[in-house]
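One structure is given here, and the rest of the page talks about it.
All chains are named by letter (A, B, ...) in the order of the sequence lines, taking the proteins before the strands, and each is independently numbered beginning at 1.
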Amino acid sequence: MMAFWYDLPVAVQDGLVGLMLLTPAIVLGAVVLRGFETRPLLFALVRQQVWLSIVFVALIAVSVGIGVGLIAQERGLRQGTARAADKFDLIVAAPGSEITAMLAAVYLQASDMPLIDGETYHDIESHPRAELVAPIAFGDSWKDAPVVGTTPQFVVHLAESLTEGRMFASEEEAIAGARVPLSVGDEFSPAHGVGGAAEEDAHRGANYTITGKMPLTGTPWDRAILVPVEAVWGVHGLAVGHGPEWDGVVGPPFEPRYFPGTPAVLVRADSLGSTYGLQATFNNDETMAFFPGTILARLHALMGDVRQLMSVLAVITQVLVTASVLAGLMMLTKLLSRRLALLRALGAPGRFVFALTWSYAVFLIVIGAASGLTLGVLASWAISQAITARTDILVQATLDWPEIHIVAGFISLTSILALLPALLTMKRSVIAGLRG
Amino acid sequence: MAGLPLRIEGLTVSGEGGRTLLEVPELSIEPGTAVVVRGPSGAGKSTFLYAVSGILPVTAGRILWGDQVLSEMNDPARAAFRRNQVGFVFQDHLLFEELSAFGNASIAALYAPKNRRAGIRSTGTEQLEKLGLSADEHRISGTYSGGERQRIAVARALAADPAIVLADEPTASLDRENADRLADDLMQLARDNGRTLIAVTHDPAMHAQADRVIDIVDGRIQDSAA
Ligand SMILES: Nc1ncnc2c1ncn2[C@@H]1O[C@H](COP(=O)(O)OP(=O)(O)OP(=O)(O)O)[C@@H](O)[C@H]1O
Ligand SMILES: [Mg+2]
């Protein structure tokens, strides 16, 4: 039985769970409504109390929307940050905080970091299992765009192919990320440092020309300008990684003696196993080596805890709103009591009046929950847009099974609770309702 | 459907404060006679109709329809009795304003057993047409005039082909011509179809036509065979 379950495709499992959660409401509906046609009167009652009905639907929609939005947002954030770290298999940096190093090298939140020297870099680069080794030399900027020194191989790794132009070939050339407001042929002069601490004139005279543009990656690198690492060293008046007989072709191999250092190194191994081997080798007294994916997973676990707390709060809100909606429904049935009494005076079975009241409540609940689902996804979409605009990390709001499950459970739970006001209408005296 | 004889013995109906609203020591009504109830406002005429239809529970005494003891039935049984035997025209029509004339006339189809629904709908439509109203599905009854609504209420009372017709001021908002026509139709239900008809009315024309007039004063029946 369990084996059969696990053999099912995940989407089928999720669909079945959703159906299971909705089952109480469906069964209840089938039992309560059996043998009656409540629809014409249901719509008549809704029309009679149209504004109150809208207020109830809105209340339910907002509370469900908050729950749904929270879940969708957290997932979008988690997936977005993970996607942005996809290309960064292993980072080697000088010992210190892994999170700081990750924020700087992967998400380009620059901070002052000690450098890795030429010898160490050479050791990494010449490791037989290392397929791609590239310096990530951040620290300079142009306007809001970080200017990062690296190698043509890294650009290819990051962008796969350029949307426009060609790779930088000399120290005066640069590649712009998709969201950098520079086009092929534009020139710019970098500043030392980033943000408020940037020294505009520190690199006076250093000029780059954009030769290519990267495609949109949905990562902070969309806002970055990539230049040959030799150029970064050059504008700081340092050696440029190559000896005096250098032919001017940028990129590896670098000579350890002329290698001024880099705050971080990206390493990609030839296999997953080798990646772990490299991590073990370079996580030593002189360097630290870490997987951004692992650090991120730890952060996400932390976020998961927060999410759980938030979900509890969201559930409490939903329950409170449901309770107030039920209280409201009792008031509403009082407003409708003349109509309900009339039905009973005409001889309608008690079960019919009960079914009508219940379907009225469930109608509002289902419409509210469905609007809440839409509202939650829309809110999450808006927040995701804002986050993407601010961080350049592509955060996507999607509708997925967990929130569908929550809404299905919500509908079932509240449709059971809705039996209560329906029962209460049965207790009222017909004659009192008629004389209204 | 043939009517049912009504028999009342020692009936008392009390209001909320324990005040006696209606006292009927003894009363019999045969089917096939057009019975009219009259009396001053507040005398207890509506209360009488509510009691004999089982809408209002009795405080003491017995109400029998044929061999069915209405006064001893519980709520669901009295509802079933009304559903199956009684057509009631309420004093202020009490329509579902948001439903069409047809929706109101055939409302019993919504909760009737499936095999009776089509019959209720066609009789409802027939009655509306007979009363000079078309079964316009799209116009809600809230937009009809007082007299038209009264006729919708009558069509609703007759749609399920009841054995007993209880009408509370059925001609109150009609002009002379329409009132007379409706009065004729109602009396005919009793005289030609043998049903039981009890109509509360202030209309002297109806009093004159009735087979029997019952006076209620201060909650007490003063029967006077016409
Ligand atoms: N639930 C109740 N509790 C107390 N008094 C009531 C209740 N219902 C009705 N009454 C009173 O009982 C009396 C009879 O009411 P009823 O509606 O039967 O009068 P009616 O003869 O139909 O009058 P009308 O011609 O104005 O319709 C009235 O005085 C009314 O106020
Ligand atoms: Mg009255």
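Contact check for A:T38 versus B:Y111: no side-chain heavy atoms found under the 4.5 Å cut-off. With a 4.5 Å cut-off on side-chain heavy atoms, B:Y50 and A:V430 do not count as touching. By the 4.5 Å heavy-atom criterion applied to side chains, B:L94 and A:R339 are not counted as neighbours.
At most 12 non-hydrogen atoms from other residues, nucleotides or ligands lie less than 6.0 angstrom from CE of A:M331. The number of heavy atoms from other shown groups lying within 6.0 Å of CH2 (A:W51) does not exceed 12. Within 6.0 Å of the CZ atom in A:R39, the count of heavy atoms belonging to other residues, nucleotides or ligands does not exceed 12. Few gaps surround CH2 on B:W65; more than 12 heavy atoms of other groups in view lie less than 6.0 Å from it. By the neighbour-count criterion of 12 heavy atoms within 6.0 Å, atom CG of B:D218 is sparsely surrounded, having that number or fewer from other residues, nucleotides or ligands.
Smallest separation of non-hydrogen atoms from A:A348 and B:A79: O-CB, 4.2 Å.
Using a 4.5 Å cut-off between heavy atoms, B:F96 contacts chain A through both its backbone and its side chain. Looking at B:L56, the atoms closer than 4.5 Å to chain A (heavy atoms on both sides) all sit in the side chain, from C-beta outward. Of the two parts of B:F90, only the side chain, counted from C-beta on, holds a non-hydrogen atom closer than 4.5 Å to a non-hydrogen atom of chain A. The parts of A:F36 that come within reach of chain B are both its backbone and its side chain, each placing non-hydrogen atoms under 4.5 angstrom from that chain. For B:L95, the part lying near chain A is the backbone, with the side chain staying farther off; criterion is any non-hydrogen pair under 4.5 Å. Interface residue B:E97: backbone and side-chain heavy atoms are both found under 4.5 Å from chain A.
Between A:E37 and B:R121, at least one side-chain nitrogen of the basic residue sits less than 4.0 Å from a carboxylate oxygen of the acidic one, meeting the salt-bridge criterion.
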- Using the side chain to side chain contact (heavy atoms under 4.5 Å, CB included) rule, take A:L343 and B:I107 through it: C-alpha gap first, then chi angles, then the decisive distance, then the call. CA-CA 9 Å; A:L343 278 172; B:I107 195 152; 4.2 Å; yes

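Taking 4.5 Å as the heavy-atom cut-off, the residues of residues 66-78 of chain B that approach chain A are B:D75, ordered by number.
Ranked by heavy-atom pairs shorter than 4.5 Å toward chain B, the options A:A44, A:G350, A:P40, A:A345 are led by A:A345.
Note that CD1 of B:I55 is 7.5 Å distant from CG of A:L346, once rounded to the nearest 0.5 Å. Here B:E98 contributes atom CD and A:L41 contributes atom CG; the two are 9.5 Å apart, rounded to the nearest 0.5 Å.
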